[in-house]
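Below, chains carry the letters A, B, ... as their sequence lines are ordered, and counting in each starts from 1.
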2 protein chains.
Amino acid sequence: MTEARRGPRERMVFSAAQLIRRGGVTATGMREVAEHAQAPRGSLQHYFPGGKEQLVNEAVEWAGRYAGRRIGRFLEGLEQPTPSGLFAAMAAQWTDEYADGGFATGCPVAAATVDCASTGDSTRQAAAAAFATWRAPLAEALRGMGVPAARAEPLATLMISTLEGAILMARAERDVRPLTTVVRELGPLLDAAVHS
Amino acid sequence: MTEARRGPRERMVFSAAQLIRRGGVTATGMREVAEHAQAPRGSLQHYFPGGKEQLVNEAVEWAGRYAGRRIGRFLEGLEQPTPSGLFAAMAAQWTDEYADGGFATGCPVAAATVDCASTGDSTRQAAAAAFATWRAPLAEALRGMGVPAARAEPLATLMISTLEGAILMARAERDVRPLTTVVRELGPLLDAAVHS
DNA sequence: GCGCTACTATGACCACTGTCATAGTCGGCT
DNA sequence: AGCCGACTATGACAGTGGTCATAGTAGCGC
């Protein structure tokens, strides 16, 4: 996931996202980001003249694009594409990560929203945009599975909301139970939307 | 909601929860809490010898008890108690708050989880306990409405997860759309669990 | 060689954090 | 009155945050 062979700028954005996932926006320092990215500290002000706000916003945007791109990958991995299968795959990414890596990390977009929604408006907008770039391909995938166009966007919102909440609870409990539970409970509803 | 007539200790716990709701745990300072509670700064170390960690944990526990107690209130407010109606009432608390107060505040338990799940284990446990004290009366309410005992807990987890995620998205978008959407989409599933 | 740009390297600044130490005040008990 | 516990009031400490200023280096066109 890391791919060390990228420019220092990209590495810093990536590291910022990774550190925000852990402890939130306020708890991640600029110096810490540079160190984690093995990038010179002086490059921070050079690549991100807008300061921390710019760096955080780019990290959030990056996370949104990443989540959006994953939807396509999940679709390819499903032999029999169904809404519930897609949702299960989305959740499985987290259960897998938690299974072998501990429960240290959450969703960076959620962290940015919690920490910046009331203070930094640009970051809040970045988070909203990230959710949108995640939701769009998801709704498109649902339509491709036979979900009526009018239900695709609402169901995508439901899926993302439920997943985000389950991630929260799973981290708090240090147990994947919430993730597996919502997959099991929400699956039938999602599949029932096909051809209806 | 404030009720200024309480001891300074309770006021500080309450203020801590309120400030954590806004900007997260790391961004809320002890001095800020004392000032917000109109309590003397010297009382912090007197009432909370465990420092910030203790204060935050108590704020999270308080939030959990508050959410749990609200379930009963919502039930009383429903003339025809149904799972979907209860879920709608839970979400309405947030849409009401966002309608006339802006989107400044989120759930303190979510904020504590995001900020402390990987660093402060005691706070993480407090968050898990808060979710539990919220989930228990909710599951009990569902059973009271005719939901089979085996489905009550999973459905309660689903409801809380979905609500938490919708709160997140609503704050990011500065729009109650996610909240109203998940209420509309999840309602039928919840009601279908009655007598089945 | 010069000059220019891209990038790196440090050190300093001020604001602020959580925590501790110390002194002060108040009320009630005996 | 004296005393003692609960609580309040402040100041100081060491650490860290983001940001700025300044100087240095590498590479390239000329």
Novice: Nearest whole Å is fine: how far is dC7(C) P from Arg11(A) CZ?
Specialist: 13 Å
Novice: Provide, to the nearest angstrom, the distance between the CG atom belonging to Asp115(B) and the P atom belonging to dG18(C).
Specialist: 13 Å
Novice: From the options dT19(D), dG18(C), dA6(D), select the nucleotide whose nearest atom is closest to the side chain of His46(B).
Specialist: dA6(D)
Novice: May I have the distance from Leu44(B) (atom CG) to dA9(D) (atom P), rounded to whole angstrom?
Specialist: 12 Å
Novice: Kindly point out which of dG18(C), dT10(D), dG18(D) is positioned nearest to the side chain of Gln45(B)?
Specialist: dT10(D)
Novice: Between Arg143(A) and Glu140(A), is the closest basic N to carboxylate O distance under 4.0 Å?
Specialist: yes
Novice: Expressed as a whole number of angstroms, how long is the span from Leu19(A):CG to dG18(D):P?
Specialist: 11 Å
Novice: Go through dT19(C), dT8(C), dT19(D) for me and flag the one nearest to the Arg31(A) side chain.
Specialist: dT19(D)
Novice: In this structure, how many angstroms lie between the P atom of dA9(D) and the OH atom of Tyr47(B), rounded?
Specialist: 11 Å
Novice: Check whether Ser15(B) reaches the backbone of Met12(B) with its side chain - one donor and one acceptor, N or O, closer than 3.5 Å.
Specialist: no
Novice: To the nearest 0.5 Å, tell me how far Glu97(B) CD sits from Trp94(B) CH2.
Specialist: 5.5 Å
Novice: Taking the nucleotide of DNA chain C with the nearest heavy atom to each, does Thr26(B) or Pro40(A) sit closer to the 5' end?
Specialist: Pro40(A)
Novice: Taking the side chain of Pro8(A) as its heavy atoms from C-beta onward, which of dT19(D), dT19(C), dT8(C) lies nearest to it?
Specialist: dT8(C)
Novice: Could you tell me whether Thr28(B) contacts a base, only the sugar-phosphate backbone, or nothing, with contacts defined as non-hydrogen atoms closer than 4.0 Å?
Specialist: sugar-phosphate
Novice: Indicate yes or no: does Glu173(B) engage Arg177(B) in a salt bridge with an N to O separation below 4.0 Å.
Specialist: yes
Novice: Can you find a donor-acceptor N/O pair under 3.5 angstrom joining the side chain of Arg41(B) to the base of dG11(D)?
Specialist: yes
Novice: Round to a whole Å and report the spacing from CD of Gln54(A) to P of dT19(D).
Specialist: 10 Å
Novice: For the pair made of NZ in Lys52(B) and C1' in dC20(C), what is the distance, rounded to whole Å?
Specialist: 17 Å
Novice: Does this structure show an ion pair linking Arg9(B) with Glu58(B), if we count only N-O contacts that are shorter than 4.0 Å?
Specialist: yes
